Amino acid sequence: MLKLDYTGRMTRRPERHAWRKLKMSIGTATIAAALVVLLLTGLTSLRLTLAESETRAEANLAVQTAVLERLLDKFRLLSPLLARGPDIAQMLHLNNGPTEPGIAAIAAGMSGAEEIWLMDSAGKVIVSSQDPVPSGAIGGADKIPQAFDQARQGQLGRELIPGTPEMPSNYVFASPLRSGENFLGVLAVRVSLEDVEQAWALSKDPIMAFDGAGRVVVTNIPAWRGKTAEQLHPGVNIADLSFVGRINLLLPKTGSTKNYMQLTSNLPVLGWEVRTLVDIEDARHQSGWAMLIALLICVIAAGGIWFLITRREQFVREERRRRAAALRLERRVQSRTAELRHANALLEQEVREREQAEANLRLTQAELVQAAKLATLGRMSAALSHEYNQPLAAIRSDAEIAEMLIDRGRAEEAKGNLTRIGGMVKRMAEIAKTLKGFTRKSGTDIKPVSLRQVIDEAMLLLQPQIKQNEVSLRLDLPSTDIIVKGGRIRLEQVVINLLSNAVDAVNGRTNPEVTLTLQRENGEAVLTVSDNGSGIDEDVLPQIFDPFFTTKDVGAGLGLGLSIAYKIVHDFSGTLKAANRESGGAVFTMRLPVVDERVLAAE
Ligand code: ADP
């Protein structure tokens, strides 16, 4: 079960314990399986090798037994054949005593028999192929009593002369010699079984033939000759090849005991048993090798399984670590997202507040602009009222004169007065109209504005003040109009402010002079207002555009005019700079981008 702690790490002690138990079980099962595989491999290999050895040994045993049988069969017929010959009986009748061994020697030499000899009825040797009789010769009935008796009874006598480790065994066939019913003697043929042993010697497995008494009579191991099976068994383990036997064969043996598989074949006529012993050490070794290879395969397989398990474990660990990291990351992202959302909400709130503040600011600015405008108007009001009073007085006197002239019947003359009255009313209406427009709250629209119109209207409003202060105003305007983008009333406000400040600056000076120039310069409209006043103090020059900066007396100035003019010009992507003229007095330069005529035409 997974438990998440506060950092997102997982505690998995129970799971680890279970995993360790599982690993131990897998390990135990693998070892058990490996052992079973080893045992089965060993047994199977042993069984196969033994089966192969058994087949080979069986074939060999059959061949070797046939060799023995064939040899004995061959000589079994020789003695009756020889005994039946008429010469032999004659030889026995006529020559009562040792005679030439010629015939016997020839027969022995031709047949390959070891010895052929003739005995009389008493068992005395009359003729022998080995005459003079050598020390190894058998001769005499006393040496073959059983065969002699059997022959006297008219049978084929057989007798084994067992060998010793030094001397091979011999087999004797004896046939009776008769003349009618008379028993004359016995003809015996001795065969050495050495030939069989020589044939058997080619076989690598020990082969031995046991007679009825359990003695080894023929064998390819001369030392075993004459011994019984019991005498041979010490040091030899004859396996019965049962399941237990096979397992025993798999186990390592100590001491000199060797393992043999024994195969038996019977010779019923002789009552013999031929046995061969197959050395099964090779089979043991082979199964040992097979087990070793199986062990190696098991070790490699176990190593592979272990590697896979470890890799899987590592992978699972990595996967968990990755998941934990992803979880941590997700949580961090979630918490950061929450923080960001919160910050965003705060930011939105701040933006709203700022927008509100900006709106308030804009409102305040607009109000300030209006206030500054009204302040300028206030200053102009005296001149303006004078401008109105003067024509009003003139209109009154002209009207009185016209009335008087009409009364006297000089209506034609009165006409001129009335025309003058009309002209003055027209001018007053024009001033009133401009004033009304100027005092209106300026909007925020930006559109193409004619600078000539702006200057004309500003002049109209300022004319009375200029006249009152007896200032000489010089206008230097281009022949063609210049169009800029902005607000007409706001630009008028700028021009009026600059001119009104200039008029204030030259107030009280001899030859007061104010110059307004307008020209086009590098795609810009450049408007300058210069005067020959006292100029601006160098110390206050950097703060001349600061709000509420004024050098004028209380009530005479608010100190807002230039700061608002600066803002207006910047709103229209222009610049406003203040400087002192070298010849004395101040100069204000306003630059505004000129509207492209093609754009204007398009609009
Ligand atoms: P106000 O006219 O109400 O004082 P402004 O912002 O228009 O406010 O002017 C700020 C100050 O700049 C004035 O008080 C004056 O000292 C100075 N100033 C403006 N124009 C000129 C000028 N042409 N010559 C000298 N000083 C000037």
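Counting starts at 1 for both ligands and their atoms, in listed order. In this chain, residues are counted from 1 in sequence order. These numbers come from a predicted model, not from an experiment.
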Residue pair E538 / N580, side-chain donor-acceptor N/O under 3.5 Å: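 A donor-acceptor contact under 3.5 Å links the two side chains.
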
Quick one: table the atom pairs, ligand 1 N or O against protein N or O, below 3.5 Å, distance rounded to 0.1 Å.
| unit_1 | atom_1 | unit_2 | atom_2 | d |
| --- | --- | --- | --- | --- |
| ligand 1 | 2 (O) | N501 | OD1 | 3.1 |
| ligand 1 | 2 (O) | K552 | NZ | 2.6 |
| ligand 1 | 3 (O) | L558 | N | 2.9 |
| ligand 1 | 3 (O) | G559 | N | 3.1 |
| ligand 1 | 4 (O) | T550 | OG1 | 2.6 |
| ligand 1 | 6 (O) | G561 | N | 3.4 |
| ligand 1 | 6 (O) | L562 | N | 2.8 |
| ligand 1 | 7 (O) | N501 | OD1 | 3.3 |
| ligand 1 | 7 (O) | N501 | ND2 | 2.8 |
| ligand 1 | 14 (O) | T550 | OG1 | 3.2 |
| ligand 1 | 14 (O) | T551 | N | 2.8 |
| ligand 1 | 14 (O) | T551 | OG1 | 3.2 |
| ligand 1 | 16 (O) | T551 | OG1 | 2.2 |
| ligand 1 | 23 (N) | D531 | OD2 | 2.9 |

For Y566, all residues meeting ring-ring contact (aromatic ring centres under 6.0 Å, His included), sequence neighbours excluded: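 Per chain and number, Y566 pairs via ring-ring contact (aromatic ring centres under 6.0 Å, His included) with F545, H570.
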
Atom CD of Q349: over 12 foreign heavy atoms under 6.0 Å: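 Atom CD in Q349 is packed in, count exceeds 12.
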
Heavy atoms of other groups near R311 CZ, more than 12 under 6.0 Å: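 No, the 6.0 Å shell around CZ holds no more than 12 heavy atoms from other groups.
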
Note, I455 side chain near L527 side chain (heavy atom, < 4.5 Å):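 Yes; the side chains approach each other to less than 4.5 Å.
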
A414 to I406 - nearest heavy-atom pair and separation: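 Smallest interatomic distance, heavy atoms only, reads CB-CG1, 3.6 Å.
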
